[in-house]
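Numbers here simply count residues along the sequence, with the first being 1.
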Amino acid sequence: MSKAEVYRDFLKLVRLGIGHSADGLSANPDWQAIGANAARHGLMAVVVDGIGFQKALPPRELMLQWVGQVLQGYEMPYRLYLRAVASLARIYNAHGFKMMVLKGYACSLNWPKPEHRPCGDIDIWLFGKQKAADAMLTKEAGVVVDTTHHHHTVFDWEGFTVENHYDFVNVHSYRSSRRIEKLLKELGAYSDRVESVGFQHRKVALQGAPVWIPSPNLHALFLMRHLGAHFAAISIDLRQLLDWGFFVERYFAEIDWAWLTKVLEEYHLSVFSNCINAICVEDLGFDKGRFTQGVFNRPLKERILMDILEPEFASGEPNGFIRRMLFKYRRWQGNAWKQRLCYDDNRFVSFWTGLGEHIFKPRKG
């Protein structure tokens with residue numbers, strides 16, 4: 001079976017698994033290859049869900065293995081993840097800090113089965129009080145905070161890695177990131193008197209703990225910029241596209257589309273976002289009426305999809321400083337088309353700026 005046929009079957013099962021329609025699978029699906037794709041994209045649970053909506057079945061032993069992976073790798077960890085998010089919010093709240101969750105938990109709430117979205121890091125925003133909150137955790141809970149990362153500090157909490165953001169995006173390579181960071185911080189500021197529903201943050205109770213969800217407009221801009229940044233640097237996966245698709249599906253009526261379209265145009269993300277929306281509609285089966293596709297270049301959209309399914313450069317890097325640097329340079333050059341798609345900054349200025357920041361300013365926080 002060709003790779004193209006494997007990808008078609010994989011996408012069909014993803015569509016079925018999220019409740020969308022799809023044609024039947026190939027006569028003899030390559031289940032091992034489908035499983036490998038599901039694992040790489042963090043969508044094993046979705047693919048298992050999709051199998052239940054069509055006739056072709058993988059071998060019994062393989063299916064039992066996949067079901068076990070869903071239970072142990074998705075559903076059980078998600079319960080632990082929720083407990084960790086709630087307990088972290090609880091200690092912050094007890095000491096006067098509001099905790100907003102970015103991506104992760106906030107995105108999972110939009111999925112048909114939140115427990116079937118793979119949980120990773122806990123990304124949080126403390127409304128500009130990151131330093132004081134880190135100091136409190138160290139004093140009250142003995143937490144060791146790692147300050148060697150750009151745009152967030154890192155610590156472990158109940159078995160999960162927490163990224164405590166003092167910047168929404170990494171501002172150290174691209175000048176445009178510094179401009180968009182200013183806007184994101186303005187959107188992220190706490191206010192209970194914002195009139196437009198699209199700019200209002202939401203407070204939910206998670207196991208009795210108050211947790212803040214970003215406003216629809218803030219999260220829309222943050223998610224799309226995050227998608228573009230990861231795509232331009234290395235690659236993105238289908239799970240990230242589903243995060244976007246389910247988010248738009250849930251908040252379509254509350255997003256200020258005129259505002260968002262203008263901002264995406266200003267930050268050189270319109271062409272990329274139009275292609276992402278087209279993939280959501282054409283390849284993942286989301287409702288066309290809820291996605292502002294605009295005019296998109298079909299060959300470019302197909303190139304983006306193929307890069308998502310089969311990235312030219314692996315995320316892993318070779319050992320050894322020289323080999324690693326040469327690989328990074330080849331990847332940076334090979335991804336030039338993606339960088340030009342997602343940024344209007346000068347590539348070479350951004351490359352040397354980012355390199356200098358990592359060499360001469362490795363710590364911040």
Side-chain angles (χ1 to χ4, degrees), residues 82 85-86 88-89 92-93 96-111 114 117 121-130 133 151-152 162-171 176-206 209-230 240-267 269-270 272-273 276-277 280 286 290-292:
L82 294 184
V85 173
L88 185 60
Y92 279 139
N93 187 67
F97 298 101
K98 299 182 181 71
M99 188 184 88
M100 176 186 287
V101 288
L102 307 168
K103 299 180 292 184
Y105 172 64
C107 287
S108 75
L109 295 177
N110 304 322
W111 283 51
R117 181 196 186 275
D121 299 338
I122 301 173
D123 291 82
I124 61 174
W125 163 252
L126 297 174
F127 298 93
K129 297 183 178 181
Q130 162 263 329
H151 82 280
H152 56 69
V162 178
E163 295 185 351
N164 186 2
H165 288 248
Y166 48 82
D167 290 332
F168 285 91
V169 298
N170 190 337
V171 301
S176 61
S177 294
R178 299 166 198 168
R179 293 188 288 114
I180 202 170
E181 177 63 28
K182 181 180 179 182
L183 174 58
L184 289 167
K185 278 195 171 71
E186 291 174 356
L187 295 172
Y190 174 73
S191 174
D192 57 1
R193 293 189 297 273
V194 178
E195 293 183 4
S196 173
V197 67
F199 292 98
Q200 292 176 355
H201 304 312
R202 317 298 164 87
K203 185 168 70 171
V204 299
L206 173 59
V211 175
W212 289 88
I213 305 296
S215 70
N217 290 336
L218 168 59
H219 222 191
L221 180 57
F222 176 73
L223 288 174
M224 187 53 68
R225 181 66 174 199
H226 188 261
L227 269 174
H230 275 262
Q240 291 170 286
L241 261 65
L242 290 185
D243 278 344
W244 174 253
F246 289 133
F247 166 78
V248 172
E249 190 174 63
R250 164 65 178 81
Y251 289 104
F252 170 76
E254 299 173 44
I255 297 170
D256 186 335
W257 287 103
W259 171 87
L260 182 62
T261 300
K262 181 180 178 181
V263 174
L264 292 177
E265 179 71 31
E266 179 181 353
Y267 288 98
L269 283 167
S270 291
F272 175 70
S273 63
I276 292 297
N277 287 338
C280 285
F286 284 94
R290 291 182 174 268
F291 286 79
T292 306

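Aromatic ring centroids of Phe291 and Phe252 lie 6.0 Å or more apart.
Using a 4.0 Å cut-off between charged nitrogen and carboxylate oxygen, Arg117 and Asp243 count as a salt-bridge pair. Here Lys185 pairs with Glu181 in a salt bridge; the nearest charged N to carboxylate O distance falls below 4.0 Å.
Taking the six-membered ring where the residue is Trp, Tyr92 and Phe97 present perpendicular rings, their angle passing 60° and hence far from 30°. Ring geometry, Phe222 versus His219: the interplanar angle falls under 30°, so the pair is classed parallel (tilted spans 30 to 60°). Using a 30° and 60° split on the angle between ring planes, Phe246 and Phe286 fall in the perpendicular class, above 60°.
In this structure, Asp256 CG and Leu221 CG are separated by 12.0 Å, a value rounded to the nearest 0.5 Å. Rounding to the nearest 0.5 Å places CG of Leu184 at 11.5 Å from CG of Asn217. Going from atom CE of Met224 over to atom OG of Ser270 covers 10.0 Å, rounded to the nearest 0.5 Å. Distance check: Arg225 CZ to Phe272 CZ gives 11.0 Å after rounding to the nearest 0.5 Å. Atoms SG and CG, on Cys107 and Leu109 in that order, are 9.0 Å from each other to the nearest 0.5 Å. How far CH2 of Trp125 is from CG of Leu102: 9.0 Å, rounded to the nearest 0.5 Å.
With Asp123 as reference, His165 is the one residue of His226, His152, His165 to meet the side-chain hydrogen bond (donor to acceptor under 3.5 Å, both in side chains) rule. Pro216 pairs in a side chain to side chain contact (heavy atoms under 4.5 Å, CB included) with only one of the listed residues (His201, Arg250, Gln200, Arg202), which is Arg202.
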